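These numbers were taken from a predicted model, which means no experiment stands behind them. Sequence lines set the chain letters: A, B, ... in the order given, protein chains first and strands last, and positions in each chain run from 1.
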Number of protein chains: 2
Amino acid sequence: MRKIAESTVRRLSLYLRFLEEFEAAGVATVSSEALARRGSTTSAQVRKDLSFFGSFGKRGLGYSVPELAATLRDILGLERRYAVAVVGAGKVGSALVQYRGFPSRGFHVEWVYDRDPAKIGSAWNGLRVRDVAGLEADFEEVAPDIAILAVPADGAQAVADRLVAAGVRAILNFAPVQLAVPEEVAVKNVNMALELETLSYALRNR
Amino acid sequence: MRKIAESTVRRLSLYLRFLEEFEAAGVATVSSEALARRGSTTSAQVRKDLSFFGSFGKRGLGYSVPELAATLRDILGLERRYAVAVVGAGKVGSALVQYRGFPSRGFHVEWVYDRDPAKIGSAWNGLRVRDVAGLEADFEEVAPDIAILAVPADGAQAVADRLVAAGVRAILNFAPVQLAVPEEVAVKNVNMALELETLSYALRNR
DNA sequence: GGATGTGAATGTCTTCACAGCT
DNA sequence: AGCTGTGAAGACATTCACATCC
């Protein structure tokens with residue numbers, strides 16, 4: 001398949017959200033124009049984004065809401081279940097473990113790790129916090145599909161190395177460091193200070 | 001000033017981080033090539049990013065680490081202090097209130113709001129959780145420079161409207177909704193489910 | 001009639017490559 | 001000699017505009 005831009009994938013993900021809203025509101029079909037308005041983009045952008053993957057609409061009519069939603073779920077790989085491990089049982093980890101938006105989209109946190117003996121063994125939203133030292137042993141049979149890294153900056157690379165060695169192929173990284181990983185591993189960084197800094201720049205230049 | 005791409009601003013923010021690391025390590029000058037390696041980009045990209053704002057290096061030598069760091073702080077508007085309000089005292093709000101990376105970069109959380117009477121009045125990291133109903137009154141004299149919106153999706157737009165009316169010009173939005181705000185207000189969205197979905201897509205297509 | 005799907009045009013971002021300064 | 005700063009080229013993304021189909 002031709003390489004698809006990250007920005008396109010993000011928009012598809014947004015479109016799916018809007019479609020789910022339309023579906024909940026009982027709307028049966030939707031035009032590229034309506035989707036565009038909802039996501040502050042243009043109808044041409046919507047159609048172009050979809051056209052990379054096929055043609056899913058009916059001319060003169062628009063798109064069937066449930067059909068397009070199913071198609072997008074398929075494109076994004078959301079028809080399946082993902083087992084997720086959260087490493088780092090601090091405040092960020094805590095927020096992620098009980099984040100409501102995850103299970104409904106197929107992301108299920110099944111492991112929580114920390115290295116602090118005071119936290120290990122405690123129950124978190126029905127999950128026992130495990131010792132990060134046992135990570136490799138735990139993943140011997142089943143590794144998580146996705147690991148969420150929510151440890152302090154200084155330990156992040158070491159944990160990432162171990163996750164990769166244990167078979168993890170996707171990491172959502174909350175630590176403010178640039179992880180070095182083999183190219184077959186997908187990494188997405190979320191850096192809150194950096195987001196605030198882009199706001200700072202925006203404030204200054206308007 | 002010419003309009004600068006968001007991607008450029010994000011990279012500048014990263015470069016600043018790397019410069020601070022170099023500074024801590026006692027490195028006095030750095031080449032565009034060294035910065036590029038650190039941030040997995042190219043030396044041409046680094047130089048081009050900087051060139052939008054001026055010329056800060058010495059040919060044959062590179063950039064003075066402390067000087068370039070100061071320049072970037074200036075460009076990003078980080079030489080000043082930002083007063084931040086967090087609205088929504090759930091797990092995400094909690095993580096943000098005590099996030100270590102903020103104060104060192106000039107972002108100071110000074111207000112925390114919720115609408116749950118059980119939470120209002122409790123102390124959070126030295127801050128009293130306030131009733132969101134009193135937001136307008138609290139901001140009459142001084143409004144926060146930046147508001148972080150960490151409330152559930154259904155209440156987010158209403159709170160955003162009130163924040164804007166109260167004078168807030170920048171919002172970091174954690175609610176999974178597309179906020180409608182006047183164009184003079186800067187909004188950055190952080191959507192964790194969406195990040196996982198881009199990982200899902202990446203996993204599927206490799 | 002009305003909205004899609006898509007080449008072509010335009011606009012934006014990144015990379016190249018080298019003149020010019022230290 | 002080494003590395004910056006920058007026009008020009010190239011790659012990529014968005015928008016236009018219209019033929020096509022329901």
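When the side chain to side chain contact (heavy atoms under 4.5 Å, CB included) test is applied to A/Leu76, the partners found at least two apart in sequence or on another chain are A/Val9, A/Leu12, A/Ser13, A/Leu16, A/Leu78, B/Glu197, B/Tyr201. Not counting sequence neighbours, the partners of B/Asp74 by the salt bridge (Lys or Arg N to Asp or Glu O under 4.0 Å) test are A/Arg204.
Going from atom CZ of B/Phe52 over to atom C1' of D/dT6 covers 10 Å, rounded to whole Å. Between the CD atom of B/Glu33 and the P atom of C/dT15 there is a distance of 13 Å, rounded to whole Å. Distance A/Glu6 CD to D/dT14 P: 12 Å, rounded to the nearest Å. The distance from atom CG of B/Leu68 to atom P of D/dC3 is 16 Å, rounded to the nearest whole Å. Here D/dT4 presents its P atom at 10 Å from CG of B/Leu50, a figure rounded to the nearest Å. Distance CD (B/Glu67) to C1' (D/dT4): 15 Å, rounded to an integer number of Å.
With 3.5 Å as the limit, one finds no donor-acceptor pair spanning the side chains of A/Asp131 and A/Tyr113. Counted by atom type alone, B/Glu195 and B/Asn191 present zero donor-acceptor pairs between their side chains at under 3.5 Å. Looking only at atom types and distance, the side chain of A/Thr29 has no donor-acceptor partner in the side chain of A/Tyr63 under 3.5 Å away.
Contact annotation: A/Tyr63 side-chain N/O to C/dG2 OP1/OP2 distance is not under 4.0 Å. The phosphate of D/dT4 has OP1 or OP2 within less than 4.0 Å of a side-chain N or O from B/Ser32.
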Sequence neighbours excluded and cut-off under 3.5 Å, please list the side-chain donor-acceptor pairs for residues 145-155 of chain A, or say none.
unit_1   : atom_1 : unit_2  : atom_2 : d
A/Asp145 : OD1    : A/Arg80 : NH2    : 3.0
A/Asp145 : OD2    : A/Arg80 : NH2    : 3.1
A/Asp145 : OD2    : A/Ala83 : N      : 2.7

Strictly under 3.5 Å: I want the nitrogen or oxygen pairs between protein and nucleotides 9-11 of chain C, one per line.
none

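Residues A/Glu23 and A/Pro66 are in side-chain contact: their nearest non-hydrogen atoms beyond the backbone lie under 4.5 Å apart. In this structure the side chain of B/Arg162 never reaches within 4.5 angstrom of the side chain of B/Gln157, judged on heavy atoms.
Rounding to the nearest 0.5 Å gives a distance of 14.0 Å between CZ of B/Phe56 and OG of B/Ser32. Atoms CG and CG, from B/Asn189 and B/Leu179 in turn, are 6.0 Å apart once rounded to the nearest 0.5 Å.
Ring centroids of A/Phe102 and A/Tyr99 are separated by less than 6.0 Å, placing the two rings close together.
For the contact set between residues 7-30 of chain B and DNA chain D, defined by any heavy atom under 4.0 Å, there are no members.
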Legend entry - Letter per nucleotide, 5' to 3', of nucleotides 15-22 of chain D [B base touched, S only sugar-phosphate touched, - untouched; heavy atoms, 4.0 Å]: BBB-BBBB
